[in-house]
Amino acid sequence: MIRTVDSPPHVSAPVLAAYSYCEAVTGQQARNFAYGIRLLPTAKRRAMSALYAFSRRVDDIGDGELAGEVKLARLEDTRALLARIREGGVEEDDTDPVAVALSHAARVFPIPLGGLDELIDGVQMDVRGETYETWDDLKVYCRCVAGAIGRLSLGVFGTEPAARGAERAAEYADTLGLALQLTNILRDVREDAAGGRTYLPADDLAKFGCSAGFNGPTPPEGSDFAGLVHFEVRRARALFAEGYRLLPMLDRRSGACVAAMAGIYRRLLDRIERDPEAVLRGRVSLPGHEKAYVAVRGLSGLDTRHVTRHVSRRSVRRRA
């Protein structure tokens with residue numbers, strides 16, 4: 001069982017100010033993420049905002065305009081800051097609000113901060129321009145930049161005391177992170193190509209005649225772009241199905257948060273599946289009312305009950 005915290009200690013004014021800064025960053029830069037965490041109780045919502053703000057800082061270094069060697073140096077500076085946080089070396093009056101908030105969150109919740117080292121590793125892979133021959137290669141990257149975030153988040157959520165199979169909770173959180181990241185990769189394929197990045201595995205691109213890349217609003221000539229997208233969508237759906245097994249292990253509001261965030265990305269996947277070439281014409285997104293519906297659905301527990309029934313049926317079939 002992973003410990004959870006119901007009654008956080010008193011929070012000082014400097015720490016509250018640091019959390020407020022992190023929540024502002026989250027609200028401005030991560031609307032899908034913000035839809036999910038608003039369903040959490042205050043202490044968990046603040047901790048998740050601190051995790052996001054630190055992660056955003058790492059991502060911004062990788063996505064910025066600085067030279068590669070400067071980016072790598074700044075990522076190592078950020079890793080050194082993470083070591084200070086881990087060692088309890090950040091005081092409440094520190095001038096870095098993200099460090100203050102994350103330090104407090106890590107004292108309140110059992111957050112596996114090594115996951116942020118993995119995130120830094122993943123962004124370093126981006127800076128070095130690594131490409132991926134196979135899905136197994138890409139999974140290494142996805143686990144760094146997204147699976148690790150799932151495991152970090154689980155440190156905040158905790159699992160229910162009597163949750164069946166809770167020893168696999170971190171595995172499911174990791175898998176759900178992979179599902180979200182693969183959806184991101186599909187959604188951003190044109191944008192990434194414009195930035196000189198290709199994430200989809202080279203052997204998949206070759207299989208569907210897409211090795212020329214995605215530098216325009218139409219697929220490469222003679223390619224089966226729709227076939228490629230549908231192939232990756234099926235892979236993402238299988239990851240979602242496995243990762244959703246985490247939901248019954250969480251308390252109601254943490255489960256609602258996860259269901260809302262994952263539900264938004266599953267609906268993005270539906271849109272991409274219906275119109276694969278849309279990702280070449282622009283950024284596919286959901287309207288606000290649809291995100292709100294997904295959040296309400298998550299809070300109602302519908303997704304958790306569906307997963308619970310599905311897992312129970314599979315268990316009965318295995319015993320039979």
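Just so it is clear, the structure is predicted and the values come from calculations on it, not from any experiment. Positions are given from 1, in the same order as the sequence printed here.
By the 6.0 Å contact criterion, CZ on R86 is enclosed, its count of non-hydrogen atoms from other residues, nucleotides or ligands being greater than 12.
Within the cation-pi definition used here (under 6.0 Å to the ring centroid, within 45° of the axis), R266 qualifies as a partner of Y244.
Both L16 and V108 sit in one connected hydrophobic cluster of ILVMFWY residues. Membership requires side-chain heavy atoms under 4.5 Å apart, directly or through other members. Hydrophobic clustering keeps L66 apart from I61 (ILVMFWY residues linked when any side-chain heavy atoms are closer than 4.5 Å, directly or through intermediates). Cluster annotation: F231 and L182 are assigned to the same hydrophobic cluster (Ile/Leu/Val/Met/Phe/Trp/Tyr, side-chain heavy-atom contacts under 4.5 Å, transitive).
A heavy-atom distance below 4.5 Å is not found between the side chains of T78 and L82. Inter-residue side-chain proximity for V98 and R56 is flagged as unmet; no heavy-atom pair is nearer than 4.5 Å. A heavy-atom distance below 4.5 Å is found between the side chains of L286 and R271. Here the side chains of K44 and F109 are in contact, with some heavy-atom distance below 4.5 Å. A heavy-atom distance below 4.5 Å is not found between the side chains of P201 and D137. In this structure, the side chains of L119 and L116 come closer than 4.5 Å at one or more pairs of heavy atoms. The closest side-chain heavy-atom distance from L138 to I185 is below 4.5 Å. A heavy-atom distance below 4.5 Å is found between the side chains of I37 and S49.
For the atom pair CD (E171) and CZ (R245), the distance works out to 9.0 Å, reported to the nearest 0.5 Å. To the nearest 0.5 Å, atom CD1 of residue I120 and atom CG of residue L81 are 8.5 Å apart. Taking CG of L228 as the start and SG of C210 as the end, the distance is 5.0 Å to the nearest 0.5 Å. Rounded to the nearest 0.5 angstrom, L268 CG and T183 OG1 are separated by 7.5 Å. How far CG of D251 is from CZ of R253: 8.5 Å, rounded to the nearest 0.5 Å. To the nearest 0.5 angstrom, D192 atom CG is 9.0 Å from L200 atom CG.
With respect to the salt-bridge test (charged N to carboxylate O, under 4.0 angstrom), the residues R74 and D77 do not qualify. By the 4.0 Å N-to-carboxylate-O rule, R235 lies close enough to D204 to be salt-bridged with it. The pair R84-E87 fails the salt-bridge criterion, with no side-chain N (NZ, NE, NH1 or NH2) lying under 4.0 Å from an Asp/Glu carboxylate O. Under 4.0 Å is where a charged nitrogen must lie from a carboxylate oxygen, and between K207 and D224 no such pair does. Salt bridge annotation for E118-R143: absent, with no cationic side-chain nitrogen under 4.0 angstrom from a carboxylate oxygen. Ion pairing between a basic and an acidic side chain is recognised when a charged N comes within 4.0 Å of a carboxylate O; E191 and R197 show no such pairing. The existence of a salt bridge linking K71 and D63 is excluded, since no basic side-chain nitrogen approaches an acidic carboxylate oxygen closer than 4.0 Å. The pair D270-R237 counts as a salt bridge, with a side-chain nitrogen and a carboxylate oxygen less than 4.0 angstrom apart.
A donor-acceptor pair is defined here as one N or O able to donate and one able to accept, closer than 3.5 Å; no such pair exists between the side chain of R151 and the backbone of D174. Between the side chain of S103 and the main chain of A99, a donor-acceptor pair closer than 3.5 Å is present. At distances below 3.5 Å, at least one donor-acceptor pair connects side-chain atoms of Y52 with backbone N or O atoms of Q29.
Among residues two or more places apart in sequence or in another chain, the ring-ring contact (aromatic ring centres under 6.0 Å, His included) test is passed with F214 by F225. By the ring-ring contact (aromatic ring centres under 6.0 Å, His included) test, Y199 pairs with Y141, sequence neighbours left out.
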### Query
Stepwise, does the side-chain contact (heavy atoms from CB on, under 4.5 Å) test hold for D275 with R281?
CA-CA 11 Å; D275 183 7; R281 297 192 297 268; 2.5 Å; yes
### Task
Just do the side-chain contact (heavy atoms from CB on, under 4.5 Å) check on K139 and Y132 with the steps written out, would you?
CA-CA 9 Å; K139 275 196 294 189; Y132 309 97; over 6 Å; no
### Message
Using the rule given for side-chain contact (heavy atoms from CB on, under 4.5 Å), can you reason through D59 versus D126, listing the C-alpha separation, both sets of side-chain angles and the distance that settles it, and then say yes or no?
### Response
CA-CA 10 Å; D59 285 340; D126 277 337; over 6 Å; no
### Query
Where do N184 and R187 land on the side-chain contact (heavy atoms from CB on, under 4.5 Å) test, with the steps shown first?
CA-CA 5 Å; N184 268 337; R187 181 194 64 187; 2.9 Å; yes
#### Entry: Stepwise salt bridge (charged side-chain N to carboxylate O under 4.0 Å, His left out) test for E160 and R252
CA-CA 9 Å; E160 288 286 78; R252 178 173 173 267; over 6 Å; no
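The shortest non-hydrogen separation linking L239 to A179 is CB-CB, 3.6 Å. For the residue pair R57 and D96, the shortest heavy atom distance occurs at NH1-OD2, 2.8 Å. For the residue pair A256 and L39, the shortest heavy atom distance occurs at O-CD1, 3.5 Å. Closest heavy-atom contact between L269 and A236: CD2-CB, 3.7 Å. Contact record, G115 with L152: C-CD1, 3.8 Å, taken as the closest heavy-atom pair. Between C142 and Q181, the shortest heavy-atom distance links the atoms SG-CG, 3.7 Å.
None of R46, R45, H104 except one satisfies the side-chain hydrogen bond (donor to acceptor under 3.5 Å, both in side chains) rule with Y19; the exception is H104.
The closest side-chain donor-acceptor pair between E76 and Q124 falls under 3.5 angstrom. Between the side chains of T175 and E242, no donor N or O sits under 3.5 Å from an acceptor N or O.
Listed by first then second residue, pairs satisfying ring-ring contact (aromatic ring centres under 6.0 Å, His included) with a partner in residues 250-281 number zero, not counting sequence neighbours.
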